[in-house]
Structure formats: structure tokens, C-alpha cells
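Comments concern the structure below.
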Amino acid sequence: MPIHADIVVLPGDGIGTEIVAATLPVLEAVARRHGHTFAFHEHDIGGIAIDRHGVPLPAATLEAAQKADAVLLGAVGGPKWSDPNAKVRPEQGLLAIRKGLGLFANLRPVRPHPAALGASPIKSELLEGVDIVVVRELTGGIYFGDKTRSDSDATDLCRYTVAEIERVVRSAAQLARQRRGHLTSVDKANVLETSRLWRDVTSRVMREEFPDVTLEHQLVDSMAMHLLSKPRAYDVIVTENMFGDILTDEASMLAGSLGLLASASLGDGMVGPDGSPQVKRQVGIYEPIHGSAPDIAGKGIANPYATILSAAMLLRHSLGLEAEAASIEAAVSAALDAKVFTADLAAPGRAVNTTQAAQAVIERLG
Ligand code: IPM
Ligand code: MN
């Protein structure tokens, strides 16, 4: 059934504008094919918002996002706003919109594509069949605790509540139930009190509510190693905010490029009880896991696939359009099979630019 959706578009900074501009025509092509209408509403976030409005998350941006069906985001940050003593930073806008929309579960799928295995520094035989989803807690922990700074010291508080741990573990466990039934919880329980709480709460929730899902605990340091030495051993990984940030940049090397990893930031009830996406018409944020890449910004050479794959997750999780989501994923896969690679993946002299890569996806939509 054809639907109408209001999508808030937040290009942000650096390559954010280029990859988002390349992704909108993909969404439009999907809409045309299936009779949907998508209205795109563009707003400022990050450095551009600081320049234009003096704040990294203008009230108008948050209000528009709250009213929308979904948010597509590029990236924020850049050298212009990176002075260590700056009072406002682009990244604060990103954290504030995640928190403001209550999006505590950040899904980051890692599925190395056969055609891109050669781009990974890891041996291909370790990568075949790897299919992981990292569920990163997104609105708590050290990212959001009180901070202090004096001439002689600085502090960042790491705090987690039982309720914050329970809800993200439930989302991850529901996902695991729908997949291969294996959940790995990552913490640093040998040192951190928040991790000991994390481990206790996770064990209880899993024992009481998900006896059919296998639970394994891993310390984050050894997890960082196992992720590269035996990535096939993992199904769903759930972890706190900062560990999830770090482990997913590492995990992107399994896929061959940071430019291939998409993400969905979801709130309550957005993963159905059986792990399926649940259509509550609830807003989520969809963004690539990479940053604004100031070194290549403005050149039109950034890899748009992570953003295009994030748009697929948007269709699936916020709009309930599973077939349309799958058609984008299949088209990206076909473009990769055809070795339509941007500079991060291509052999020297073989790279296509951002627009060409997106066009290759549109041509393969089926
Ligand atoms: C990410 C990014 C952000 C984060 C930055 C830009 C604040 O690295 O989405 O992974 O740390 O969450
Ligand atoms: Mn990150």
C-alpha cells in the first residue's frame, strides 16, 4: 500500500552534504517505483548550525525531527569547530538529538560483502559468512555524564541506570532471537562498577525473559581482539555507548571500509517482540557510522553506500517498508558485485565518484 512519509534531512558538515545529496535520489527512485511519496525537510545540525544559528542543535531542527516519520543524517564536525577550548561543538548537536528523541538503541550491522573482501586488511577466509549486528547503547554512559575541567584536572562521569541497561538489552535480545539466537554482551566488569551492573542486569533479563537466546559475556579488550581473529563467532553484540563507538569503527575493517557501515538509532518498541521491525511510525535517526571526513570533503569522492544503506534501514524500521528496504540493499550489493567502488575501495585509477556510485545503485533497483 502506498504511503506518504515526512523525512527530516540533516546533511550536517563535511562529506555529510555530499553523501546525503547522493542518497535522496535513491529514496525518490524507490518511492516512484512503489507509488509512495516522500517529502524531504532539510534542517541544520552540527557545525553549519553553529555558524548559522549559534547552536549545534537549533530548536527548529529538534521540533521538525520530533514531528517527522524519520530522520536521515549525514555527519557532523570539522576542523573549523574543533578548537579544544570551544564552548560549543558540532558533536553536541548529534548527542542532543539522539537523546532528545529517546533513541537509545543504535543498530550497526557488519556484513562484509564478497566483492569487497579484498579491501579488508583481514584475511578473506576469516570474513566469509560474517554477519554481525552491534547494538550500541546510545543515550547514556560516559558520553552523557557530568564533566568537569580545572587547570590541573578533568573528569567525565560514567553512569548507567538499571532501566537504561534493561531496555537496550531487550532490544538486542529480540534481534538475536530473530537471527541466530546468540547474544554477546561486552563490558569491562573486571574494573568498572557500571560494567558490573551491566553484567548483572543483562544476566537477569536474559535468564528471565530470553531463556531461548544464548548469552555470552566478553571483556571489551579481548572482544577487540576476537572481533578480528574470529568474527564469524558473533551474531548480536550489545554494549555500552563508548565501547560500541570504538568496536564498530574496528568492525568496519571487516567490511573493508568505514564507508560501508550503516546505522539505525531506535527508541522504545521499534524492535518488535519477535525481533522484526515494528511499525509504530516512531521516528528514528538513520546515519552512516563514519564522520564528516574533512580530508576529502568538497571533492565529491566520498563513499555514499553507508548512507544509502542507512536509508534502507529507515524504510525498514521507521516506515515498515521491508520490500523497499531489501531492494536498496540488493542494489548496493549488485553495485559492489559490479565493482562500482569509490576511492576507499577501488584499485588505483578505477574509482567512481559519489554521484556515480549512487547512480549505479538506482540503475540496479530492479
Ligand atoms: C558516531 C560518531 C559520534 C559518536 C561522534 C561524531 C560524536 O563517532 O556516531 O559513531 O561518537 O557517537
Ligand atoms: Mn564513532
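All ligand and atom numbering here is 1-based and tracks the order in the structure.
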Practice task
Take Asp156 and Tyr143 through the side-chain contact (heavy atoms from CB on, under 4.5 Å) test and state the conclusion after the steps.
Solution key: CA-CA 8 Å; Asp156 294 280; Tyr143 271 57; over 6 Å; no
Practice task
For atom CZ of Arg350, decide whether the heavy atoms of other residues, nucleotides or ligands shown that lie under 6.0 angstrom number more than 12.
Solution key: no
Practice task
Say whether Glu329 and Ser333, considering side chains only, have a donor N or O and an acceptor N or O under 3.5 Å apart.
Solution key: no
Exercise for the section: Might you list the protein residues in contact with ligand 1, defined as having a heavy atom under 4.0 Å from one of its atoms, sorted by chain and number? Expected result: Glu91, Leu94, Arg98, Arg108, Arg136, Tyr143, Asp245, Ile289
Problem - SB check Asp212 Arg177 (cutoff 4.0 Å) - result: yes
Practice task
With side-chain contact (heavy atoms from CB on, under 4.5 Å) as the test, would you mind laying out the steps for Val133 and Val110 before giving the verdict?
Solution key: CA-CA 6 Å; Val133 179; Val110 184; over 6 Å; no
Exercise for the section: Can you list, by chain and residue number, the protein N, O or S atoms under 2.8 Å from the Mn ion (ligand 2)? Expected result: Asp245 OD1
Handout entry: Derivation and outcome, side-chain contact (heavy atoms from CB on, under 4.5 Å), residues Asp249 and Leu258
Key = CA-CA 7 Å; Asp249 267 33; Leu258 199 49; 3.7 Å; yes
Problem - CA sep, side-chain torsions, deciding dist, call: Lys99, Phe104, side-chain contact (heavy atoms from CB on, under 4.5 Å) - result: CA-CA 8 Å; Lys99 187 89 168 177; Phe104 59 84; over 6 Å; no
Practice task
Taking atom NZ of Lys87 as the centre, report whether more than 12 heavy atoms of other residues, nucleotides or ligands fall under 6.0 Å from it.
Solution key: no
Practice task
Evaluate the ring planes of His317 and Tyr286, with Trp represented by its six-membered ring, and classify them as parallel (under 30°), tilted (30 to 60°) or perpendicular (over 60°).
Solution key: parallel
